[in-house]
Engineer: 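Please find one structure pasted underneath; my questions will follow.
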Amino acid sequence: MNTFYASEVDSGCLQLFNDLCERKALLPLAYLLHAWPIPGPTDASLQRLREALRSLGEFPDAEVTSPNRQLCKTLSLKLEHCRPCDLSYC
């Protein structure tokens, strides 16, 4: 479970990052980069990433595509069940 969450969250955020860069979506990109990559998983850093992904999941189509909003919502829900240990391979 630990490795799965870490790799899924990282790959999902990387996918989102790449798409936002390609689309030059600066405001959503700033939201993501405020919380990811996670320098060291702590309760505060996980909460910050959850909140950023929740916010991105509510952006309009003009800024975040529907598939990316769904990805944000999915990752945010997964992070609700994570502890810092789940993302640090402990």
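This structure is a prediction, so every number in the text was calculated from the model and none was measured.
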Engineer: Are Leu77 and Val9 connected in the hydrophobic side-chain network, where two residues link if heavy atoms are under 4.5 Å apart?
Structural biologist: no
Engineer: Find the distance between CD (Glu80) and CG (Leu53) and round it off to the nearest 0.5 Å.
Structural biologist: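 Answer rounded to 0.5 Å: 11.0 Å.
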Engineer: Considering residues at least two apart in sequence or located in another chain, which fulfil the side-chain contact (heavy atoms from CB on, under 4.5 Å) criterion with Gln47?
Structural biologist: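 Counting only residues at least two positions away or on another chain, Gln47 forms a side-chain contact (heavy atoms from CB on, under 4.5 Å) with Arg50, Glu51.
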Engineer: May I ask you to decide whether Arg69 forms a salt bridge with Glu63, counting only side-chain N to carboxylate O separations under 4.0 Å?
Structural biologist: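 Answer for the salt bridge query: no.
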Engineer: Say you draw a straight line from CG of Leu56 to CG of Leu20; how long is it, rounded to the nearest 0.5 Å?
Structural biologist: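 It is 7.0 Å, given to the nearest 0.5 Å.
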Engineer: So, for Leu29 and Cys21, which heavy atoms are closest and what is the spacing to 0.1 Å?
Structural biologist: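 Residues Leu29 and Cys21, closest heavy atoms: CD2-SG, 3.9 Å.
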Engineer: How close do Ile38 and Ala35 get, heavy atom to heavy atom, and via which atoms?
Structural biologist: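 Between these two residues, the closest heavy atoms are CG1-O, 3.8 Å.
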Engineer: Contact between Ser76 and Leu79 at the side-chain level, heavy atoms closer than 4.5 Å - yes or no?
Structural biologist: no
Engineer: Might you point out which heavy atoms bring Leu16 and Cys72 nearest each other, and give the distance in Å?
Structural biologist: CD2-SG, 3.5 Å
Engineer: Show every ring-ring contact (aromatic ring centres under 6.0 Å, His included) that has at least one partner inside residues 26-61, sequence neighbours left out.
Structural biologist: Tyr31-Phe59
Engineer: The test is side-chain contact (heavy atoms from CB on, under 4.5 Å); show your working for Asp10 and Ser7 and say whether it passes.
Structural biologist: CA-CA 5 Å; Asp10 279 339; Ser7 63; 5.9 Å; no
Engineer: Just to verify, what does Thr65 make a side-chain contact (heavy atoms from CB on, under 4.5 Å) with, not counting sequence neighbours?
Structural biologist: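 If we apply the side-chain contact (heavy atoms from CB on, under 4.5 Å) test to Thr65, skipping adjacent residues, the hits are Asp19, Arg23, Pro67, Asn68.
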Engineer: Please report the shortest heavy-atom distance between Asp61 and Ser66, naming the atom on each side.
Structural biologist: OD1-N, 4.1 Å
Engineer: Side chains of Leu49 and Leu75, heavy atoms from C-beta outward: is any pair under 4.5 Å?
Structural biologist: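 A side-chain contact is absent here, since even the closest heavy-atom pair is not under 4.5 Å.
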Engineer: Would Val64 end up clustered with Leu27 when hydrophobic side chains under 4.5 Å apart are linked, directly or stepwise?
Structural biologist: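 Yes; Leu27 is reachable from Val64 via cluster members.
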Engineer: So do the side chains of Leu71 and Gln15 get within less than 4.5 Å of each other, counting heavy atoms only?
Structural biologist: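 The answer is yes, as the side chains (C-beta and beyond) meet within the 4.5 Å cut-off.
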